[in-house]
Peer 1: 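Before anything else, here's the structure in question.
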Amino acid sequence: MIKILPLPAAAPVYQGGQYTYCRNLIDLFKGNDEIAFDEIRQPECRNLPLFRKLWFDWDDLRKRIEESHCDIVFINGYAEFSVWQEFIMAKKLNKRIVYAPHFHPFDFLERPMLGKIFFNTCIRPLLKWTSGIVTIGKTDSTYFKGYGDKVYMVPHHFVPQKSSAGKVEKKKDMILFVGRNEPNKGMEYLYAIPEKYEVHCVTGGELARKDFIQHKNIPQEELDRLYSEASLVVIPSRYEAFSYVALEAFTRGTPVLMSSNVKIADYLKDEKGYSIFPYGSIESFLEKIESTIGSEVETERILEKFRPDIIREEYVEIFKNAMNEQHR
C-alpha cells in the first residue's frame, strides 16, 4: 500500500480548485487496495501582507508530514511561497515528491512578472527532487517537457450525475453562462450576444445587460434544469485549465462554445458537440454561436475520456513509478 499526503498551497479556507482536485482524488481512491490518500489538513498559516500571500508555520508543516507516515508528498500549487516550503520540508524529511502545479501561463497571473521571477528562481530549481509532475493539458505539458518521462498529462475525472430536474424540453434560442462575474471569464463576449437570444447567467454581482436572466445561489435542481433547457453553453474565458461546466453541459446533451484558452479541448478531437473560437475575436464568437447552438452532442464519446476508472489507473501508474524510481 502506497500512502499519499495531498498538500495544496496555503489558502484562507479549504476552497478553490486545488482543494477540490485533492478532495476528488481522495474520493476516487477510497477503498483502493494499492493507493491510500490521507485526508486534507492544512498546516497553520499566516499572512505575508507585502506579497498578499500565505505562509505555513514551519513546525506545523513538519508535524503534518511526519504524522501522515506517507510515502509520497503530493504537492499542489504554483507561484506560492507555501509550495516552496512544501518542497523544502518534504526533501528534509526524505519523502518522495509528486507535483501537480495547476499551471497557468504567467500572463494570466495577477502579477505576471513577479510570478514568473518567483517560480523560476524558487520553485523550478527544486523540480529535480520530483518523481513525477502531473499536468492537465498541452500548455503545461509543453512547459515542463524538459522533465521527460516524469511528466504525466492526466485530465480530471468526472462522474455524470442524473439530472434532478426531470424531463426538460430544450429552448431553441437559449444560451447559458455559468461562472464568476469577472473579466477573466470573458464577460465582454456575453454582452456582445444579440438580443434575439435568451441569455441566462448563473453568476453573482451585477450584470451590464438588463435583458439577461440572472440566477444567484440556485439549488442543484435548478442548475440541472438550466443545463438541460439551454441550446448552448458558452465559456469565453481568458484562460481555463479545465472545465467542469463543459462536462456538465455535455452530460445534459447541450453543445458548448469555448474560447481557444479553455484547455479541456486538449482532450476533445472529432466528437460532435463543441466549437472553439479564437480568444480575442468577438466576431468569431458570434459566428460560432450561430453554427453551434442546438447542434448534436456525442455525450458518451466525450465522457468516456474522463471515466473515473481510467483516470484512477493513470494515477496508480504515476505513484508506482515514483516509488520505483531510485530515491535521491
Side-chain angles (χ1 to χ4, degrees), residues 17 20 24 27 155-181 185-187 189-205 207 209-237 240 242-259 262-265 267-277 285-308 311:
T20 300
N24 286 343
D27 290 341
H156 297 328
H157 66 283
F158 179 72
V159 182
Q161 301 296 319
K162 184 178 180 181
S163 175
S164 57
K167 185 174 177 59
V168 177
E169 295 293 329
K170 288 207 170 291
K171 293 185 176 181
K172 181 180 178 183
D173 292 322
M174 177 178 163
I175 295 175
L176 176 65
F177 168 82
V178 180
R180 296 188 303 277
N181 185 354
K185 294 298 182 180
M187 302 304 290
Y189 291 89
L190 296 183
Y191 298 143
I193 295 175
E195 293 183 3
K196 69 177 182 177
Y197 294 107
E198 180 182 319
V199 180
H200 291 250
C201 296
V202 180
T203 193
L207 297 173
R209 287 270 298 269
K210 300 302 181 184
D211 58 318
F212 284 7
I213 302 169
Q214 187 172 13
H215 307 264
K216 295 182 179 181
N217 302 316
I218 60 174
Q220 186 62 44
E221 181 178 350
E222 185 175 352
L223 182 58
D224 286 344
R225 178 182 61 78
L226 291 171
Y227 274 123
S228 299
E229 280 185 339
S231 289
L232 180 69
V233 166
V234 293
I235 311 173
S237 300
E240 295 272 356
F242 198 69
S243 177
Y244 284 112
V245 168
L247 293 176
E248 293 286 1
F250 294 141
T251 300
R252 309 299 171 217
T254 305
V256 175
L257 173 58
M258 63 187 82
S259 85
V262 179
K263 297 305 179 178
I264 193 174
Y267 295 95
L268 305 176
K269 294 182 180 177
D270 58 351
E271 297 87 1
K272 296 177 181 178
Y274 75 100
S275 291
I276 298 172
F277 72 93
F285 172 71
L286 298 178
E287 290 174 353
K288 292 286 187 176
I289 286 177
E290 295 284 350
S291 61
T292 310
I293 192 167
S295 59
E296 177 187 355
V297 179
E298 294 183 314
T299 299
E300 291 186 8
R301 283 191 64 196
I302 292 173
L303 297 185
E304 176 75 12
K305 300 170 182 288
F306 308 99
R307 274 175 39 195
I311 306 303

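Computed from a predicted model, the values in this text were never measured in an experiment. Atom set for the values below is all heavy atoms of this structure, side chains included, hydrogens, waters and symmetry mates excluded.
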Peer 1: Holding to salt bridge (charged side-chain N to carboxylate O under 4.0 Å, His left out), I want the full list of residues that pass it with E300, two or more places apart in sequence or in another chain.
Peer 2: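 None.
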Peer 1: Apply ring pair (Phe, Tyr, Trp, His ring centres under 6.0 Å) to Y197 and list each qualifying residue two or more places apart in sequence or on a separate chain.
Peer 2: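 Per chain and number, Y197 pairs via ring pair (Phe, Tyr, Trp, His ring centres under 6.0 Å) with no residue.
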Peer 1: Salt-bridged, R301 to E296, with N to O below 4.0 Å?
Peer 2: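 No.
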Peer 1: Quick one: side-chain hydrogen bond (donor to acceptor under 3.5 Å, both in side chains) partners of N217, sequence neighbours excluded?
Peer 2: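 None.
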Peer 1: Quick check: do Q220 and Q161 have side-chain heavy atoms less than 4.5 Å from each other?
Peer 2: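 Not touching, per the 4.5 Å side-chain cut-off.
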Peer 1: Who are the side-chain contact (heavy atoms from CB on, under 4.5 Å) partners of S291, not counting sequence neighbours?
Peer 2: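 Once residues adjacent in sequence are excluded, the partners of S291 under the side-chain contact (heavy atoms from CB on, under 4.5 Å) criterion are K288.
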Peer 1: Who are the side-chain hydrogen bond (donor to acceptor under 3.5 Å, both in side chains) partners of S243, not counting sequence neighbours?
Peer 2: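 Partners of S243 under the side-chain hydrogen bond (donor to acceptor under 3.5 Å, both in side chains) test: none.
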Peer 1: Of all the heavy-atom pairs spanning A192 and L286, show the shortest one and how long it is.
Peer 2: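 Looking at all heavy atoms of both residues, the closest pair is O-CD2, 3.5 Å.
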Peer 1: First locate atom CD of E229, then atom NZ of K171, and finally report the distance between them rounded to the nearest 0.5 Å.
Peer 2: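 One finds 4.5 Å between CD of E229 and NZ of K171.
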Peer 1: Let me confirm one number: the CZ-OG1 distance from F250 to T299, rounded to the nearest 0.5 Å.
Peer 2: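 The CZ atom of F250 sits 8.5 Å away from the OG1 atom of T299.
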Peer 1: List for me each residue that meets side-chain hydrogen bond (donor to acceptor under 3.5 Å, both in side chains) alongside R180, sequence neighbours excluded, and say none if there are none.
Peer 2: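 If we apply the side-chain hydrogen bond (donor to acceptor under 3.5 Å, both in side chains) test to R180, skipping adjacent residues, the hits are E182.
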Peer 1: Check K170 against S231 and note the closest heavy-atom contact, atom names and distance.
Peer 2: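 Smallest heavy-atom distance, with atoms named: CB-OG, 4.3 Å.
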Peer 1: State, yes or no, whether a side-chain contact exists between I264 and P155 at a heavy-atom distance under 4.5 Å.
Peer 2: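 No, side chains not in contact.
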Peer 1: Quick one: closest heavy-atom pair of H156 and F242, and the distance?
Peer 2: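 Smallest heavy-atom distance, with atoms named: CD2-CD2, 3.3 Å.
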Peer 1: What distance separates L268 CG from K263 NZ, expressed to the nearest 0.5 Å?
Peer 2: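 Between atom CG of L268 and atom NZ of K263 there are 12.5 Å.
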Peer 1: Could you tell me which residues satisfy salt bridge (charged side-chain N to carboxylate O under 4.0 Å, His left out) with D173, sequence neighbours excluded, listed by chain and number?
Peer 2: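 If we apply the salt bridge (charged side-chain N to carboxylate O under 4.0 Å, His left out) test to D173, skipping adjacent residues, there are no hits.
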Peer 1: Salt bridge (charged side-chain N to carboxylate O under 4.0 Å, His left out), that's the test. Do E290 and K196 meet it? Break it down for me.
Peer 2: CA-CA 12 Å; E290 295 284 350; K196 69 177 182 177; 3.0 Å; yes
Peer 1: Could you check V199 against D211 for side-chain contact (heavy atoms from CB on, under 4.5 Å), going step by step and ending with a plain yes or no?
Peer 2: CA-CA 8 Å; V199 180; D211 58 318; over 6 Å; no
Peer 1: For a 4.5 angstrom cut-off between non-hydrogen side-chain atoms, does V256 reach V262?
Peer 2: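 V256 does not reach V262 side chain to side chain.
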Peer 1: Where is the tightest heavy-atom contact between S259 and S237, given as atom of each residue plus distance?
Peer 2: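 Nearest pair, atom of S259 first, then S237: OG-O, 2.7 Å.
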Peer 1: I213: what forms a side-chain contact (heavy atoms from CB on, under 4.5 Å) with it, not counting sequence neighbours?
Peer 2: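 Testing I213 for side-chain contact (heavy atoms from CB on, under 4.5 Å), a comparison that skips the adjacent residues, returns E198, H200, H215.
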Peer 1: Just wondering, are more than 12 heavy atoms of other shown residues or ligands nearer than 6.0 Å to NZ in K272?
Peer 2: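 Counting neighbours around NZ of K272, 12 or fewer heavy atoms of other residues, nucleotides or ligands fall under 6.0 Å, so no.
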Peer 1: Using the ring pair (Phe, Tyr, Trp, His ring centres under 6.0 Å) criterion, which residues pair with F285? Sequence neighbours excluded.
Peer 2: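 In terms of ring pair (Phe, Tyr, Trp, His ring centres under 6.0 Å), with neighbours along the sequence ignored, F285 is linked to Y189, F277.
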Peer 1: Would you compute the distance between atom OH of Y274 and atom CE of M258 and round it to the nearest 0.5 angstrom?
Peer 2: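 Atom-to-atom, Y274:OH and M258:CE are 7.5 Å apart.
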Peer 1: So do L190 and R209 actually touch side chain to side chain, heavy atoms under 4.5 Å?
Peer 2: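 No - every pair of side-chain heavy atoms lies 4.5 Å or more apart.
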Peer 1: Which value, rounded to the nearest 0.5 Å, describes the distance between I193 atom CD1 and E195 atom CD?
Peer 2: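 Reported to 0.5 Å precision, the distance equals 11.5 Å.
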Peer 1: Could you grab the distance from atom CD1 of I293 to atom CD1 of I175, nearest 0.5 Å is fine?
Peer 2: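 Between atom CD1 of I293 and atom CD1 of I175 there are 4.5 Å.
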Peer 1: The criterion is side-chain contact (heavy atoms from CB on, under 4.5 Å); which residues satisfy it with E248, sequence neighbours excluded?
Peer 2: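 Applying side-chain contact (heavy atoms from CB on, under 4.5 Å) to E248 gives F158, Y227, R252.
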Peer 1: Kindly indicate, with the supporting measurements, whether the criterion side-chain contact (heavy atoms from CB on, under 4.5 Å) is fulfilled by V233 and V178.
Peer 2: CA-CA 8 Å; V233 166; V178 180; 5.7 Å; no
Peer 1: Surrounding NZ of K172 (heavy atoms of other residues, nucleotides or ligands, distance under 6.0 Å), is the total greater than 12?
Peer 2: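 It does not: K172 NZ has 12 such atoms or fewer within range.
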Peer 1: Between S275 and T292, what is the shortest heavy-atom contact and its length?
Peer 2: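 Smallest interatomic distance, heavy atoms only, reads OG-OG1, 2.7 Å.
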Peer 1: Identify the heavy atoms of V297 and T254 that sit nearest to each other, and give their distance.
Peer 2: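 Nearest pair, atom of V297 first, then T254: CG2-C, 3.5 Å.
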Peer 1: Sequence neighbours excluded, which residues qualify as side-chain hydrogen bond (donor to acceptor under 3.5 Å, both in side chains) partners of E287?
Peer 2: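 With neighbours one apart ignored, the set is empty.
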Peer 1: Who are the side-chain contact (heavy atoms from CB on, under 4.5 Å) partners of T203, not counting sequence neighbours?
Peer 2: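 If we apply the side-chain contact (heavy atoms from CB on, under 4.5 Å) test to T203, skipping adjacent residues, the hits are F177, N181, C201, L207, Q214.
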